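These notes are about the structure you will find just below.
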Amino acid sequence: MALFSSRMIKRVLVAALVAIVPATAALAAGGGKAPREQDWSFAGFFGTYDTAQLQRGFQIYSENCSACHALSRVAFRNLMEPGGPEFSEAEVRAIAANYFIEDGPDSFGDMFERPGRLSDRFPPPFPNQEAAVAAMGAYPPDFSLLAKARAPTRGFPNFVFDIFTGYAENGPDYIYSLLTGYDADHVNPEGELGHYNPYFVNGEYIAMAQPLWDGMHVYQDGSPETISQYSKDVSAFMMWAAEPHLNARKEMGFRVMAFLLIFGSLVYMTKRRVWSTVEH
Amino acid sequence: MSGPSSYVPKTGVERWLDARLPVVRMMHGQFVEFPIPRNLNYMYTFGGILMIMLVSQIVTGIVLVMHYTPHADMAFNSVEHIMRDVNYGWLLRYMHAVGASMFFIAVYLHIFRGLYYGSYKEPREVLWILGVVIFLLMMATAFMGYVLVWGQMSFWGATVITNFFSVFPIVGDTLVQWLWGGFAVDNPTLNRFFSLHYLLPFMIFGVVILHVWALHVTGQTNPTGVEVKQKSDTVPFTPYATVKDLFAMVVFFALFAYFLFFLPNYLGHADNYIEANPLVTPAHIVPEWYFLPFYAILRAVPSALGGVLLMFGAIVVLFFLPWLDTSKVKSGSFRSVWFKAAFWVFAINAVWLGWLGSKPAEGWYVPAMQIGTVYYFAYFLIILPLLGLFETTKPLPASITDAVLSKAKTKTVASGAGQPAGATAAPETKG
């Protein structure tokens, strides 16, 4: 980080701070189009993940996205934990065994590769960010936290209503909108190499080509094999990857609120009783 | 405030301790016998709420530290480790993060209650100043805690905020490098912020003890602003304040739990789920919501030094408030309609500045920030000093008891029912 002189950083920041932020103005306002809101099983105060949907989402991830996108904070064992895709242990062991994990050093001092175990995390498709950029032209972001990291801010008055409606699905709504938001008929202006997508948060052109097409993946449970369904499933899977304890959190929330309501009523009646003899 | 202690040690152990270290007697005096004005409303419950929130932050923080690694390469991963792998780690971490926001909601309501009821006026100047010190320490603690996550907003927020100090002439650059422990925000910065983030809450705790001490010397204000004059003006802390504060805490906890369990990331910023990267600047760097009004003031003027001075000035002016407000009448309820208008415009302006703080400093936002900033300072430096000299205030009640009983009488007349006034004369003697 000694790359920059402090003076240079200072100049950049003070400029960004007090003067105008010209190039980023559009981004600051939220960038692309507002995401289209979807119905999610995990929305609302009692919402929980749909296990079948997470399993389908994992299928899309592993058949499609995993070629470029890492999932490095998720361990194989997470796939069988309650509140997730809840694959059986045998299934998860089989999934893990499909991956090769670098381990070592062995007794000769050499690194070696072995099949994945339950405790391993998903190995990244590229050894590092630089390798990914060299191969792809841009870094395909790690999926582990993306559903929470790409949650566009909601302007006034929506952010006020959101408190009361409990809306917290801006992340998956954004991912769904992005995946279904490509426009094949769009003609790029001269010199623009990206793919047009009005929902993209960083301008209107995204490095990733449209990844999902109708009929591309075969679902075993008879769900529609459409771009929309694929996108929804993988968005839900990404939300789970980013927030694996959502089910437990909402369940505890219900208990805590119920307790506070009952306890609060008792305390209120006690308070009325205590103060009943005092004008105040 | 308190008379002679009425504490009677009941057991042998209590008598033994009382003769050596009368700590139970002291607590009994402060939290059982301590007389509070009988007419306090729910705006007076935030002190207790803040105390609980401080304890909650310290307890969750201590447990989080058991799983957190303060290193630039590992901090973000260790936070995610807490969120994913530590048993109930998600609960602890969300409690701590949402708790910080709740702490600020409570402290802002507490401060605005003080502003409306004139809680800063003689003889409570020291009490008020200690409160401003706590507020400052809270801001420093919250800022450094946010950096510990080591997400994009942590890193760039830290870079922007520490750069404030670089605008001071001559010493600026040296000062910032000294703060960073290097030439940019990096591992040494994270380490010292971690150290200070662990230290400052205990300093807050110390100043809170002084704050409560000062409060228990002068006694609480009350919605009439008339000082306690006789025994019937007050009720003992326990059970009256205890049960009322407890109820307010439960309601506040319900709000806390609502955000904690259903909207845990609503008050945060999505970019902080991206690990810090010194090479990528986020499109729009914003601080946490509780700093936004000050962030708007910072960016209201085109000069960096001017902005920084104004922002610090916005806090510094609070220290002088007891002497800036010239009105002899404490409570806003007994002041002119002009005061009420000025106060509520100030409150709305603070929220408005907060919204502007989340916007980039461009277009019409800039003049709006300027107008808001001017009003913020004008309230303290022009309106409060002058209003006290010119306004006509309402007649004050002779005592708190008078105020309460005349209110009760109006109520009784209106409803045709009620209890005889004599029943309330010495409430602490009644069951």
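Fair warning: this is a prediction, and the values are worked out from it, not measured in the lab. The chains referred to below are lettered A, B, ... by the order of the sequence lines, with proteins before strands, and numbering in each begins at 1.
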Original post:
Looking at side-chain heavy atoms only, is the closest gap between B:Ile36 and B:Tyr44 below 4.5 Å?
Top reply: no

**OP:** State whether a side-chain donor-acceptor pair under 3.5 Å links A:Asp173 with A:Trp40.
**Re:** yes

Original post:
Is the number of heavy atoms from other residues, nucleotides or ligands under 6.0 Å of A:Asn128 CG greater than 12?
Top reply: yes

Subject >> Option that, when pairs with chain B are counted at under 4.5 Å, heavy atom only, ranks first among A:His245, A:Lys271, A:Arg249 >> reply: A:Arg249

Subject >> For A:Pro244, side-chain contact (heavy atoms from CB on, under 4.5 Å) partners two or more places apart >> reply: A:Trp240, B:Arg84

Subject >> Contact origin within B:Ile400 toward chain A - heavy atom pairs under 4.5 Å >> reply: neither

Subject >> Closest-packed option against chain A by number of heavy-atom pairs under 4.5 Å, given B:Phe261, B:Trp355, B:Tyr88 >> reply: B:Phe261

Subject >> Pairwise side-chain contact, B:Pro35 with B:Pro236, heavy-atom cut-off 4.5 Å (strictly under) >> reply: no

Original post:
Among A:Glu243, A:Arg150, A:Glu251, A:Arg154, who wins on heavy-atom pairs under 4.5 Å with chain B?
Top reply: A:Glu243

Original post:
Of all of B:Asn39, B:Asp271, B:Asn77, B:Asn272, which one pairs up most often with chain A through heavy atoms under 4.5 Å apart?
Top reply: B:Asn77

Original post:
Is it the side chain or the backbone of B:Leu263 that comes within 4.5 Å of chain A heavy atoms, both, or neither?
Top reply: side chain

**OP:** Find the distance between CZ (B:Phe252) and OG1 (B:Thr45) and round it off to the nearest 0.5 Å.
**Re:** 9.5 Å

Original post:
Does some side-chain heavy atom of B:Tyr94 sit less than 4.5 Å from a side-chain heavy atom of B:Met83?
Top reply: yes

Original post:
Does anything in residues 68-84 of chain A get under 4.5 Å of chain B by heavy atoms, and if so which residues?
Top reply: A:Arg73, A:Val74, A:Arg77

Original post:
Residues of residues 254-261 of chain A under 4.5 Å from chain B (heavy atom pairs)?
Top reply: A:Phe254, A:Val256, A:Met257, A:Leu260

**OP:** Look at atom CZ of A:Arg273 and say whether more than 12 heavy atoms of other residues, nucleotides or ligands are closer to it than 6.0 Å.
**Re:** no

Original post:
Given the rule in the side-chain contact (heavy atoms from CB on, under 4.5 Å) test, do B:Asp73 and B:Phe76 qualify, once you have shown the distances and angles that lead to the verdict?
Top reply: CA-CA 8 Å; B:Asp73 295 336; B:Phe76 189 83; over 6 Å; no

**OP:** Tell me the residues of residues 158-167 of chain A whose non-hydrogen atoms fall below 4.5 Å from those of chain B, in number order.
**Re:** A:Phe159, A:Val160, A:Asp162, A:Ile163, A:Phe164, A:Gly166, A:Tyr167

**OP:** Tell me yes or no: between the side chains of B:Asn265 and B:Tyr273, is some donor less than 3.5 Å from an acceptor?
**Re:** yes

Original post:
So which heavy atom on B:Ser101 is nearest to which on B:Trp289, and how close?
Top reply: OG-NE1, 2.8 Å

**OP:** Please work out whether the ring planes of B:Phe262 and A:Phe45 are parallel, tilted or perpendicular, with thresholds of 30° and 60°.
**Re:** perpendicular

Original post:
Contact part of B:Phe253 toward chain A, heavy-atom cut-off under 4.5 Å: side chain, backbone, both or neither?
Top reply: both

Original post:
Which pair of heavy atoms, one from B:Phe155 and one from B:Val185, lies closest together, and at what distance?
Top reply: CE1-O, 3.2 Å

Original post:
Is any side-chain heavy atom of A:Tyr205 closer than 4.5 Å to a side-chain heavy atom of A:Asn197?
Top reply: no

Subject >> A:Tyr268, OH: over 12 other non-hydrogen atoms inside 6.0 angstrom >> reply: no

**OP:** Report yes or no: do A:Asn247 and A:Thr48 form a side-chain donor-acceptor pair below 3.5 Å?
**Re:** no

Subject >> Heavy-atom proximity to chain A below 4.5 Å, by part of B:Tyr258 >> reply: both

Original post:
Which one of B:Thr162, B:Asn163, B:Asp186 satisfies the side chain to side chain donor-acceptor pair (under 3.5 Å) criterion with B:Trp180?
Top reply: B:Thr162

